[in-house]
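Right, one structure below, let's go through it.
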Amino acid sequence: MLPDPTVNRQSIDILITEGRMRASQLFFPTLREVPAEAEMISHRLLLRGGFIRKVAAGIYDYLPLGYKVIKKIEKVVREEMDAQGAQEILMPAIVPAELYQETGRWNLDVLFRLKDRNDRDYSIGFTHEEVVTDIIRRDLRSYRQLPLNLYQIQSKGRDEARPRGGTVRGREFIMLDAYSFDRTWDDLDRAYDKMYAAFSRTFARCGLAPLVVEAESGAIGGKENQEYMVVADSGEDIILVCEKCGYAANAEKAEIGERPVKKSDDELQPLELVDTPNARTIEQVTSFLKRSPKKLVKTLIYKAGEQVVAALVRGDRDLNEAKLASMLGVKSVEMADPETILRVTKADVGFAGPVGLDKSVKIVADREVQGMMNFVVGGNKTDAHYINANIGRDFEVSEFGDLRVASKGDPCARCENTLTTVRGMEVGHIFKLGTLYSEKMGAGFLDDDGQEKPFIMGCYGMGVSRMLAAIPEVNSDQDGMVWPISVAPFEVVVILLNPDDEAQCNAATRLYEELQQQGVDVLLDERDERPGVKFKDTDLMGAPIQVVAGRLAGEGKVEVRLRSTKSKEEISIDDATAHVLELRRKLYQESEDKAQAVAVNPQLH
RNA sequence: CGGGGCGUAGCGCAGCUUGGUUAGCGCGCCAGUUUUGGGAACUGGAGGCCGCGAGUUCGAAUCUCGCCGCCCCGACCA
């Protein structure tokens, strides 16, 4: 349909029958001032741009623009999941307690619990391993039906201790969760690689370049897992990165390399028990004794089953419980209760030390402690510490190893370099679960040898609503958001500067119509607002391509701009549609190029 | 759950210390006039359970107690 050659302000209503894309009718309540509740860049921009509104802590409305972005992210996700042969399903948001009880997760405190009228227990689904495993155990019998990958995109509920950052950590959030079922571990590796490709491509197409890091899988385990971390100063997680060899791991997981121990040639000072009244914490002891925490050794009493263990780390370090458990060859460790501590140290909590500890206690230490001399330790006596303690002379350590939480400057475990830290926002997490759930839930298939075997599973999660925040968190400037074209709320905004100017009206409506007919997702801003308002709102919204119908329209020209580079070009109205289509094609091509570059998992090949 | 802060118009805030007319200001919103290439000007309007509940008082946005909500730091985080 060609526009009427004499369009004016009054006739726009009639001309544009599909009114959904007109800014005057679009519900996008922009704010000039930043709501006091928002701290993070993305949170501020999403609120200011009218993408989201808060309903309660961690619970948000997605307004038209925000929901359009969500739908576009979901579209990319579906394309990439389907391309890997995964099949979309939809599981219930309300999950009966029995399913979570089967695997012992019913008592997790993140569950939103509810009861029906008959007092039966349910919770809002927070992740769906049990539900999907239940599907499989009912209807999947034979190895011939494998491999299988089922996914869903759904709102989840988790009663987070502290929601933050808008949709970064919500209590209700939209997530992709996929679950793979395989016959063998090799098959699981293949399924995992496919998900790696799907996830990496999805993030790339959404304008994100997350680091892939090794991560802890939590108390319930799983064989191998990787997190996708968007590097951002506002990220909640600390990631250790080796710039030389590319090793990257979450702080909870990061291994610390072993280096030759350098003992200083200081003289051994005599061990001395000194009074430290009420000095229990490192901070208190440090200020009382006027010694740096680096001259202190913390003694942490743990229980690994029946065995009581004293773990030693330097005063300014944190013990990594997973590493301790792994050194001791147990699944998990827990801090000893006050009675146990009193029994083995003969002192109140806060004064444990390795010197004169009960003989039944195994003493292990972080490698860093091996090089320390004349340090301070707890006195195993209430209100007392030893100064000038030394290994070998005053006590023995049965094993040294990597026990502390890695921090900046620690040696890399994979090369001779040292580790640096960056902050990251987790947008995806992929796991090899193995038979963790299938065994607990009795989900098995009949293999070709006639034996019943548990499914070998993987699970793959991606935070869709978190990406709504993560993308602008790393793609914005002073004027607002800068969306990659594949997930932008609109691909193109046509700005009609003066609706009373006939030439401008003609140009804007013509281009709007032409672009729509070409399948472009385009918004026409024909609002009765001053030009500045429209420019500001358009920049804030962050659509990648802007077409300005202004003064130049009288000369048969419009201005075509790119949001990302702020570039401006004057183009004749006759060529404008073709020009915009070409820009659009290039932008999509760029994101596809990035997707192709990242699709192979470097950690596994 | 621990520490800190905040709740007054849609948004941002003042007023509270030292109780006392009709609770203010800016932005936004509505009407009109003039404007129209980077968040216009003027005129006139609408809009408040001052978070909720008890108390003190002749009188409470303001003082006291309790509760609720929200934000930040920490703990937590499949």
Side-chain angles (χ1 to χ4, degrees), chain A residues 9 29-40 43-44 47-48 50 53-59 100 103-105 108-111 125-130 156 158-166 168-171 173 175 177-179 215-223 225-227 234-238 250-253 318 321 425-426 428-433 436-437 457-463 466 478-480 495-501 504 525-540 546 548-554 558-559 561 566 568 570:
Chain A
R9 186 172 179 167
T30 58
L31 301 171
R32 292 192 185 192
E33 281 172 292
V34 186
E37 71 190 50
E39 195 102 325
M40 235 184 246
H43 190 194
R44 290 169 167 225
L47 286 169
R48 281 194 56 210
R53 287 291 184 261
K54 188 179 70 187
V55 178
I59 298 175
Y100 287 134
T103 55
R105 296 165 105 190
L108 292 184
D109 55 13
V110 294
L111 266 64
F126 72 106
T127 176
H128 285 233
E129 282 79 2
E130 288 85 350
K156 300 271 192 277
R158 288 184 197 172
D159 192 3
E160 292 283 351
R162 182 143 95 88
R164 70 185 94 178
V168 167
R169 178 174 292 273
R171 293 192 296 165
F173 58 96
M175 176 169 145
D177 45 326
Y179 306 89
E216 271 304 324
S217 52
I220 310 184
K223 184 185 156 203
N225 71 97
Q226 289 169 297
E227 284 176 332
S234 54
E236 305 173 88
D237 299 284
I238 306 284
N250 198 311
E252 289 92 63
K253 170 80 177 180
D318 291 315
E321 293 187 3
M425 186 187 293
E426 180 186 352
H429 202 159
I430 57 180
F431 288 86
K432 292 181 183 175
L433 290 172
L436 216 55
Y437 290 85
M457 294 174 55
C459 74
Y460 317 91
M462 187 188 297
R466 181 175 284 184
Q478 293 114 322
D479 296 316
I495 306 173
L496 169 54
L497 279 193
N498 184 355
D500 289 326
D501 182 293
Q504 294 184 24
D525 192 351
E526 36 49 297
R527 288 177 300 166
D528 189 12
E529 290 285 355
R530 296 176 65 80
V533 173
K534 297 186 197 184
F535 286 133
K536 290 288 184 191
D537 279 349
T538 307
D539 286 349
L540 179 59
Q546 307 173 351
V548 182
R551 278 187 190 133
L552 295 167
V558 292
E559 194 173 274
R561 303 175 168 193
K566 300 267 178 185
K568 303 176 184 179
E570 292 177 10

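In what follows, every chain begins at residue 1, and chains take the letters A, B, ... in the order their sequences are listed.
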Check your understanding: When the distance from CD of Glu37(A) to P of C71(B) is rounded to whole Å, what number comes out?
Key -> 7 Å
Exercise for review: Report yes or no: does Arg169(A) contribute a side-chain atom to a donor-acceptor pair with the main-chain N or O of Glu160(A) at less than 3.5 Å?
Suggested key: no
**Study point:** G39(B) phosphate, OP1 or OP2, under 4.0 Å from Arg530(A) side-chain N/O
**Key:** no
Review point. Heavy atoms under 4.0 Å, any strand shown: does Val34(A) hit a base, just sugar-phosphate, or nothing?
Key: sugar-phosphate
Practice item. Using the C1' atoms only, state how far A14(B) lies from G7(B), rounded to an integer number of Å. Key: 15 Å
Review point. Looking only at atom types and distance, does a side-chain atom of Asp501(A) sit under 3.5 Å from a main-chain N or O of Gln504(A), one as donor and one as acceptor?
Key: yes
Check your understanding: Between Glu33(A) and Arg48(A), is there a salt bridge with N-O shorter than 4.0 Å?
Key -> no
Point to revise | Separation of the C1' atoms in C68(B) and G51(B), to the nearest angstrom | key: 8 Å
Check your understanding: Reckon Arg551(A) has a side-chain N or O less than 4.0 Å from the OP1 or OP2 of G37(B)?
Key -> yes
Check your understanding: Is there a donor and acceptor pair, one atom on the side chain of Arg164(A) and one on the base of C72(B), closer than 3.5 Å?
Key -> no
Review point. Does any donor-acceptor pair link the side chain of Asp537(A) with the base of G39(B) at a separation under 3.5 Å?
Key: yes
Review point. Taking only side-chain nitrogens and oxygens of Arg162(A), does any of them come within less than 4.0 Å of OP1 or OP2 of C73(B)?
Key: yes
Review point. Roughly how many Å is it from CG in Leu540(A) to P in C11(B), rounded to a whole number?
Key: 17 Å
Exercise for review: Report the distance from atom CG of Asp528(A) to atom P of C30(B), rounded to the nearest whole Å.
Suggested key: 11 Å
Review point. Given side chains that start at C-beta, do those of His43(A) and Glu37(A) come closer than 4.5 Å, heavy atoms only?
Key: yes
Exercise for review: Classify the side chain of Asp539(A) versus the base of G38(B) as yes if they form a donor-acceptor pair under 3.5 Å and no if they do not.
Suggested key: yes
**Study point:** Closest-nucleotide 5' rank along RNA chain B - winner of Glu236(A) and Pro163(A)
**Key:** Pro163(A)
Review point. Can you tell me how far P of A40(B) sits from CZ of Arg527(A), to the nearest Å?
Key: 12 Å
Point to revise | Nearest to side-chain heavy atoms of Glu529(A), which nucleotide of C29(B), G12(B), C70(B) | key: C29(B)
Check your understanding: Hey, are the side chains of Asp525(A) and Thr538(A) touching, using non-hydrogen atoms and a 4.5 Å cut-off?
Key -> yes
Review point. C76(B) C1' sits how many Å from Glu252(A) CD, rounded?
Key: 11 Å
Review point. Checking all strands, does Lys54(A) fall into the base, sugar-phosphate, or nothing category for heavy-atom contacts under 4.0 angstrom?
Key: sugar-phosphate
Point to revise | P atoms of C42(B) and C27(B), separation to the nearest Å | key: 9 Å
Practice item. Examine the base of G37(B) for any acceptor or donor lying under 3.5 Å from a partner atom in the side chain of Glu559(A), and report the outcome as yes or no. Key: yes
Review point. So what's A46(B) paired with, Watson-Crick or G-U wobble, going by both distances under 3.5 Å?
Key: none
Practice item. Under 4.0 Å between any heavy atoms, over every strand shown, what does Ala57(A) touch: base, sugar-phosphate, or nothing? Just pick one. Key: sugar-phosphate
Revision key, fill the gap. Note: for Met40(A) and Arg48(A) on RNA chain B, the residue whose nearest nucleotide lies more 5' is Arg48(A)
**Study point:** Donor/acceptor link under 3.5 angstrom from Glu33(A) side chain onto base of G26(B)
**Key:** yes
Check your understanding: Do Lys568(A) side-chain atoms and Glu559(A) backbone N/O form a donor-acceptor pair below 3.5 Å?
Key -> no
Point to revise | Sugar-phosphate only, base, or nothing, as touched by Ala38(A) at under 4.0 Å among non-hydrogen atoms | key: nothing
Check your understanding: Think Arg32(A) has a side-chain N or O under 4.0 angstrom from the OP1 or OP2 of G39(B)?
Key -> no
